[in-house]
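Structure first, commentary second.
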Amino acid sequence: MIHNLSISSSLIPDKQRGSVESQVFYLTNRVLRLTQHLQLHGRDYSSQRGLWKILSKRKQLLVYLSKRDKLRYDDLIGQLGIRGLKTR
């Protein structure tokens, strides 16, 4: 059912597997898989809750990265093709 939803992990070098970027890559892959699952099983509320928790964690990491290093943040957003954070 799920066809090539994962983002290539070859974009991250082996020595950076615990970095913020790699964590966001991993969470984005999980978001894509859960989104596909929820399209098939719309009333799976446990998975919806898990998706919200994953999205919250990814947002926290993106906020941290945007405050620490704006260039790395912009590069990551561009590679993943996700929206940037809302600014006030």
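Residues: numbered from 1 along the sequence shown.
- Gln23 CD to Arg17 CZ: the interatomic distance, rounded to the nearest 0.5 Å, is 12.5 Å.
- Scanning all heavy atoms of the two residues, the minimum distance from Leu34 to Gly50 falls at CD1-C, 4.3 Å.
- Here the OG-CH2 distance, from Ser47 to Trp52, works out to 11.0 Å after rounding to the nearest 0.5 Å.
- Using a 4.5 Å heavy-atom threshold, the side chains of Gln16 and Ser22 count as separate.
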Should Asp44 and Gln48 be marked as a side chain to side chain contact (heavy atoms under 4.5 Å, CB included) after you check the CA-CA gap, both sets of side-chain angles, and the distance that decides it?
CA-CA 7 Å; Asp44 187 355; Gln48 283 182 5; over 6 Å; no
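- Taking each heavy atom of Arg83 and Ile77 in turn, the nearest pair found is O-CD1, 3.9 Å.
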Listed pairs under 3.5 Å, donor-acceptor, residues 65-72 side chains, sequence neighbours left out:
from  : atom 1 : to    : atom 2 : distance (Å)
Ser66 : OG     : Leu62 : O      : 3.3
Ser66 : OG     : Val63 : O      : 2.9
Asp69 : OD1    : Leu71 : N      : 3.4
Arg72 : NE     : Glu21 : OE2    : 2.5
Arg72 : NH2    : Glu21 : OE1    : 3.1
Arg72 : NH2    : Glu21 : OE2    : 3.1

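- Taking CG of Leu51 as the start and CZ of Arg33 as the end, the distance is 12.0 Å to the nearest 0.5 Å.
- Put simply, the side chain of Gln36 does not reach to within 4.5 Å of the side chain of Leu32, judged on heavy atoms.
- Here the CZ atom belonging to Arg58 is positioned 4.0 Å from the OG1 atom belonging to Thr28, to the nearest 0.5 angstrom.
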Could you go through the side chain to side chain contact (heavy atoms under 4.5 Å, CB included) check for Gln60 and Ser56 one step at a time?
CA-CA 6 Å; Gln60 289 174 355; Ser56 173; 4.1 Å; yes
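- Within the 4.5 Å cutoff, side-chain heavy atoms of Tyr73 are placed close to those of Leu85.
- There is a path of hydrophobic side-chain contacts, each under 4.5 Å, that joins Ile82 to Leu61.
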